Protein chains: 4
Amino acid sequence: MEFKNSKGIFQQIADNLCDRILLGEYSVGDKVPSVREQAANIGVNHNTVMRTYTELQREEIISNKRGIGFFVAEDAPLRILAVRRQEFFEFTLPDLIDQIELLKITKSDVKTLITKLEENENK
Amino acid sequence: MEFKNSKGIFQQIADNLCDRILLGEYSVGDKVPSVREQAANIGVNHNTVMRTYTELQREEIISNKRGIGFFVAEDAPLRILAVRRQEFFEFTLPDLIDQIELLKITKSDVKTLITKLEENENK
Amino acid sequence: MEFKNSKGIFQQIADNLCDRILLGEYSVGDKVPSVREQAANIGVNHNTVMRTYTELQREEIISNKRGIGFFVAEDAPLRILAVRRQEFFEFTLPDLIDQIELLKITKSDVKTLITKLEENENK
Amino acid sequence: MEFKNSKGIFQQIADNLCDRILLGEYSVGDKVPSVREQAANIGVNHNTVMRTYTELQREEIISNKRGIGFFVAEDAPLRILAVRRQEFFEFTLPDLIDQIELLKITKSDVKTLITKLEENENK
DNA sequence: GTGGTCTAGACCACC
DNA sequence: GTGGTCTAGACCACA
């Protein structure tokens, strides 16, 4: 796993795990990889993963059974989705519109985007 | 000027100045506000502005006449536009598509975006 | 470490570190002294060292592992050597020739230089 | 005339004028270009030239006749030569030897330098 | 007044 | 402990 410099590593790990939960890779009640396992997988210090898990636990996205591991919490996908969608409409979309205007991005430039959307809607 | 926590202040100042150049507020050859004037304007330390200007100078977006000030460099708008568009198509757009898919954003959700695009194109 | 007035301190620190890398004092992959440790060693402010390291990182001479430290980058010695030699042949040598001509420096004046060269070559 | 960023502009102007005196372009007693003329020639502020001339006057390399102009002083070439040669042997040459060693510059690399020297000596 | 560099000290995120 | 950023304030060279 590669990291950008702009965001914190622990944040990127959290985002990645949330993505996997949204994708159904981990379902509600599933055990997520242990701190040390996860750390080994992605090649970071286990403290960093621990911090990620602690943070996600605080957001009630995963829960901890002592001595056993961390598990995907009830309603985790919904909770993640809600936060993400809010961020999307509040920050991502407005920023995007500003950029499109400033950079003179045209409709044809984002044709692939539209196509993608159509497919998504027709499912 | 208000700052977000996610990016460095000096980066946001740079982005802001680039935006103004793209908008034509500062044309090629124009003097941009002096380091200390700019610092006073936006309420930051002059070192922070200095860092911004040094960085922009390295990117050949502004240039320096010693003891006189910083000036918008030749081709600065084109250069900014090129970088910004590249970032857009390489990072922003793919990320956006991933998010749309993941968050199940629908066509109607982004109707405002489409409308904006149409207007922009018909100008 | 003593500094000349002609160049910036941060530049002299950079040159010094590059010299050490060329001399093999720090090999590829080695950790270089931490920003604050280096600052203490040579009696300057940590910001000054930080500026040096940031610059050297931009030139891909050292690289950074977050929260751990700076390390001598792959190919750093070659890269330094290339830059230094280019500077030598493009600036130092022509300047030298001009000066020799202008100042009427004679062969015997630079005998020590020649001797040094012979020794170097015969090694 | 182009300027490097490493040295002060006024210093570079002074060096340039001294070079011309050594080359005999301006002989002892000759009038050197007026402050404003010189400023126009090389495209800098006249204050900068004034500072150069004041400095050179302090070093007794040029002298001022009020209302008429600046003139190359008695012994100016000798004086310049003395300073320059001292700088050469005290700083330039030792630095050069260090660099040659560090950069593994060989005899053949500096063959042009040697050739130049021979020619110079045989004159 | 304008850039440029440095110091001192603080605070944060991350390991 | 390690990098990274920012502030405050000072001093210098230059125009």
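These numbers come from a predicted model, not from an experiment.
Nearest-nucleotide mapping onto DNA chain F: of C:Ile68 and B:Val44, the residue sitting toward the 5' end is C:Ile68.
Between the C1' atom of E:dA13 and the CD atom of A:Glu55 lies a distance of 12 Å, rounded to the nearest Å. A straight line from CZ of B:Phe70 to C1' of F:dC14 spans 14 Å, rounded to a whole angstrom. For the pair C:Leu56 CG and F:dG3 C1', the computed distance is 15 Å after rounding to whole Å. Between B:Gln57 atom CD and E:dT5 atom C1' there is a gap of 15 Å when expressed in whole angstrom units. Protein atom CE of C:Met50 is 17 Å distant from nucleotide atom P of F:dT7, rounded to whole Å. For the pair A:Tyr53 OH and E:dC14 P, the computed distance is 17 Å after rounding to whole Å. Atom CD of C:Gln38 and atom P of F:dG1 are 17 Å apart (whole Å). E:dG4 atom C1' lies 17 Å from atom CZ of C:Phe3, rounded to whole Å.
Between C:Asp15 and C:Lys7 the shortest heavy-atom distance is OD2-NZ, 3.3 Å. Between A:Gln57 and A:Ser63, the shortest heavy-atom contact is CG-CA, 4.4 Å. Nearest heavy-atom pair across D:Ala14 and D:Leu56 is CB-CD2, 4.1 Å.
Listed in residue order, the members of residues 7-21 of chain B having a heavy atom less than 4.0 Å from DNA chain E come to none.
Between the side chains of A:Arg20 and A:Asn16, a donor-acceptor pair is found at a separation under 3.5 Å.
Side-chain to base pairing of C:Asn47 with E:dG9: one donor and one acceptor N or O lie within less than 3.5 Å of each other. With hydrogens and angles ignored, a donor-acceptor pair under 3.5 angstrom links the side chain of C:Arg36 to the base of F:dG3.
Salt-bridge annotation for B:Arg58 and B:Glu55: present, with a side-chain N of the basic residue lying under 4.0 Å from a carboxylate O of the acidic one.
With a 4.5 Å cut-off on side-chain heavy atoms, C:Thr54 and C:Met50 count as touching. With contacts defined as side-chain heavy-atom distances shorter than 4.5 Å, the pair D:Val44/D:Ile9 qualifies. Proximity of C:Thr52 to C:Gln38: side-chain heavy atoms (C-beta onward) are nowhere separated by under 4.5 Å. A:Leu103 places a side-chain heavy atom less than 4.5 Å from the side chain of B:Leu22.
Checking the phosphate oxygens (OP1, OP2) of F:dG1, no side-chain nitrogen or oxygen of C:Ser34 falls inside 4.0 Å. For C:Arg51 and E:dT5, the shortest distance from a side-chain N or O to OP1 or OP2 is below 4.0 Å. Regarding contacts with the backbone of F:dG4, a side-chain N or O of C:Asn64 is found under 4.0 angstrom from either OP1 or OP2. The side chain of A:Thr48 contributes an N or O atom lying less than 4.0 Å from OP1 or OP2 of E:dC15.
Annotated stems with DNA chain F as a participant read E:1-14 with F:1-14, given as range with range, by first number; only runs of 3 or more Watson-Crick or G-U pairs under 3.5 Å qualify.
At the heavy-atom level, D:His46 lies nowhere under 4.0 Å from the strands shown. Looking at heavy-atom distances under 4.0 Å, D:Asn45 makes contact with sugar-phosphate atoms alone, never a base.
Within 6.0 Å of the NZ atom in B:Lys65, the count of heavy atoms belonging to other residues, nucleotides or ligands does not exceed 12.
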